[in-house]
Amino acid sequence: MLSWIVRLLMIAAGFVTSWFVAKDAPIFGIAQVMMTLVLIALIVAVVAFWPQRWTAGLNRLYRFR
């Protein structure tokens, strides 16, 4: 399961990295790993700073269904 998450992050990072670096450049792998770390940091930041009121609103929304 963890490998799926890492694979999806690497695919997304490869897509974004290919905008800035050619795929056949020697630095592409390093740039892809750096972009993956940036994506992981963004995901962690979103989870860490998720507003409490959004969670309360989502809980209320699913309670009435």
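Sequential numbering from 1 along the given sequence is applied to the chain's residues.
- Cluster membership for Ile40 and Val46, using ILVMFWY side-chain heavy atoms within less than 4.5 angstrom, is not shared.
- Atom CE of Met35 and atom OG of Ser18 lie 10.0 Å apart (nearest 0.5 Å).
- Around atom CD1 of Ile27, no more than 12 heavy atoms belonging to other residues, nucleotides or ligands sit under 6.0 Å away.
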Report task. Please lay out, stage by stage, how Ile5 and Leu8 fare under the test side-chain contact (heavy atoms from CB on, under 4.5 Å). Result -> CA-CA 5 Å; Ile5 296 169; Leu8 287 174; 5.9 Å; no

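- Of all non-hydrogen atoms in Leu39 and Leu9, the two that sit nearest each other are CD1-O, 3.9 Å.
- Side-chain atoms of Gln32 never come within 3.5 Å of backbone atoms of Thr17 as a donor-acceptor pair (strictly under, hydrogens ignored).
- Linking ILVMFWY side-chain heavy atoms closer than 4.5 Å, directly or via other members, places Met34 and Phe28 in a single hydrophobic cluster.
- Residues Phe15 and Ile30 are members of one and the same hydrophobic cluster, defined by side-chain heavy-atom contacts under 4.5 angstrom among Ile, Leu, Val, Met, Phe, Trp and Tyr.
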